[in-house]
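Structure record follows, encoded as structure tokens.
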Amino acid sequence: TCKILVFFVNGKKIQDPDIDPEITLLYYLRNKLKLCGTKLGCGEGGCGACTVMISKYHPQEENIRHYSVNSCLTPVASVHGLAVTTVEGIRSTRNKLHVVQERIAKAHGSQCGFCTPGMVMSMYTLLRNNPIPSMAQLEEYLTGNLCRCTGYRPILDGFRGLTS
Ligand code: FES
């Protein structure tokens, strides 16, 4: 049997023949791949600071669906064959912010910044699944992301312009 873990992170193929089945995707991203944009907040699925997007091809429907997940709860072994996108991977061109990042920044929706990558990844995932979401969908996608600095109004205001 094949014991090599194969998955994709921000479009790059990762092959790991020596995977510890007990470690989380968050640990792997931060410590093995040195992608530290994804944050460790609570470590138990409560705060959303560790949110990344996982993309999965569904052969029956012949489409790819995107999921925002708490990487602190995701065993790295469970992403075999899947594509992971982190906050480092969403810029379309070099040194340019993604529109989601630009909007949260301009609306003063980032203060200490710790929740920001998770907020951004939840919003990014929503837009990948639904390019013009409703405000209700936006609120639903952000329910797993906690912010202790700005509160939620500036964040929602920043993203509002991306809704229908
Ligand atoms: Fe808080 Fe993962 S670190 S939900």
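Being a predicted model, the structure only gives us computed values, none of them experimental. Remember, it's 1-based here, ligands and their atoms both numbered in the order they're listed.
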task: Could you tell me whether a side-chain N or O of N145 sits under 3.5 Å from a main-chain N or O of G48, the two making a donor and an acceptor?
output: yes
task: Please check if the side chain of R30 supplies one atom and the backbone of C36 the other of a donor-acceptor pair under 3.5 Å.
output: yes
field: Heavy-atom check, side chain of N10 versus side chain of T85, under 4.5 Å
entry: yes
- request: Would you confirm whether H58, through its side chain, and I64, through its main-chain N or O, come within 3.5 Å as a donor-acceptor pair?
  value: no
field: Check: A136 main-chain N/O paired with E139 side-chain donor or acceptor under 3.5 Å
entry: no
field: L126 backbone acceptor or donor facing N130 side chain under 3.5 Å
entry: no
statement: Nearer than 2.8 Å to atom 2 (Fe) of ligand 1, the protein contributes N, O or S atoms numbering 2
